[in-house]
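In this text, all values refer to a predicted model and were calculated from it rather than measured experimentally. Numbers restart at 1 for each chain; the letters A, B, ... are given by sequence-line order, proteins then strands. Heavy-atom basis, side chains included; hydrogens, waters and symmetry copies ignored.
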Amino acid sequence: QQPVQSPQAVILREGEDAVINCSSSKALYSVHWYRQKHGEAPVFLMILLKGGEQMRHEKISASFNEKKQQSSLYLTASQLSYSGTYFCGTPGGSNYKLTFGKGTLLTVNP
Amino acid sequence: SAVISQKPSRDICQRGTSLTIQCQVDSQVTMMFWYRQQPGQSLTLIATANQGSEATYESGFVIDKFPISRPNLTFSTLTVSNMSPEDSSIYLCSVRRGSGTDTQYFGPGTRLTVL
């Protein structure tokens, strides 16, 4: 089942903060976050594991609430380079294949 | 991390023809996947490429349309058969070295346009 991301899009000015949410209707054991810039492949940011601690990638951090079956990505003091589409992926099936949300388009303006 | 290359990087094909996309990884990986990403859309899993056996396809994707090979632990091919304009997409190879909590990496993608 596809995780649900919100918001669909967000526009920021450089230096502002944003939160992107990812929720699932099924129990989660991990959540994977990626960023994709236009015309490029998705790039791995971080994995949130059940029972694990909050993770960070540069000034981007994320949390994982197992009970609520959701993860949130926090972008602090955004930079122009943060622009792109953010996808969360949740594993499933015997081979832990990732199913991705529809993505959140983040635009950071000067 | 994993270094993944795909060939071709892009192609323009005629309706009714077939295209084979290659995916090469710099070292052995446990899992190889093929995704499709239509313009402005999310990443949709086509199939899991299994070494030495038939690929495992997701709902809505069939072997006759998307035959997949995986002869070893570092290489896989995806063929898009009897193409139509609806097959115009980016096709991405993705790999994972170990268990389900390991990172899954993506290749650069193949941008396919069908006329």
Would a hydrophobic clustering, with Ile, Leu, Val, Met, Phe, Trp and Tyr connected at side-chain separations under 4.5 Å, put B:Ile4 with B:Trp34? no

State, to 0.1 Å, how close B:Gly107 and A:Ala41 come at their nearest heavy-atom pair, and which atoms those are. O-CB, 3.0 Å

Does a sphere of radius 6.0 Å around CG in A:Leu80 hold more than 12 heavy atoms from other residues, nucleotides or ligands, not counting ones at 6.0 Å or beyond? yes

Among A:Gln2, A:Gln36, A:His38, A:Glu40, which has the most heavy-atom pairs under 4.5 Å with chain B? A:Gln36

Nearest non-hydrogen partners of A:Phe87 and B:Gln37, listed with the distance: CZ-NE2, 3.8 Å

Non-hydrogen contacts under 4.5 angstrom with chain A: give the residues of residues 49-77 of chain B involved, or none if there are none. B:Glu58

NE2 of A:His32 to CZ of B:Arg96: how many Å apart, nearest 0.5 Å? 7.5 Å

A:Lys59, NZ: over 12 other non-hydrogen atoms inside 6.0 angstrom: no

The interface call for B:Gln104 against chain A, heavy-atom contacts under 4.5 Å, is both

Are A:Phe100 and B:Tyr35, when compared by the centres of their aromatic rings, separated by less than 6.0 Å? yes

If you group Ile, Leu, Val, Met, Phe, Trp and Tyr by side-chain heavy-atom gaps below 4.5 Å, do A:Leu45 and A:Leu48 land in one group? yes

If Ile, Leu, Val, Met, Phe, Trp and Tyr residues are connected whenever their side-chain heavy atoms lie under 4.5 Å apart, and connections chain through other members, are B:Ile46 and B:Phe33 in the same group? no

Within residues 83-92 of chain B, which residues come under 4.5 Å of chain A, heavy atom to heavy atom? B:Leu92

What is the distance from atom CD1 of A:Ile47 to atom OG1 of B:Thr103, rounded to the nearest 0.5 Å? 4.0 Å

Heavy-atom pairs under 4.5 Å with chain B - which of A:Gly39, A:Gly103, A:Pro42 has more of them than the others? A:Pro42

If you group Ile, Leu, Val, Met, Phe, Trp and Tyr by side-chain heavy-atom gaps below 4.5 Å, do A:Leu105 and B:Leu43 land in one group? no

So CZ of A:Phe44 and OG of B:Ser94: to nearest 0.5 Å the spacing works out to 11.5 Å

Would you kindly confirm whether A:Tyr74 and A:Leu49 end up in one hydrophobic cluster when ILVMFWY residues are joined by side chain heavy atoms under 4.5 Å apart? no

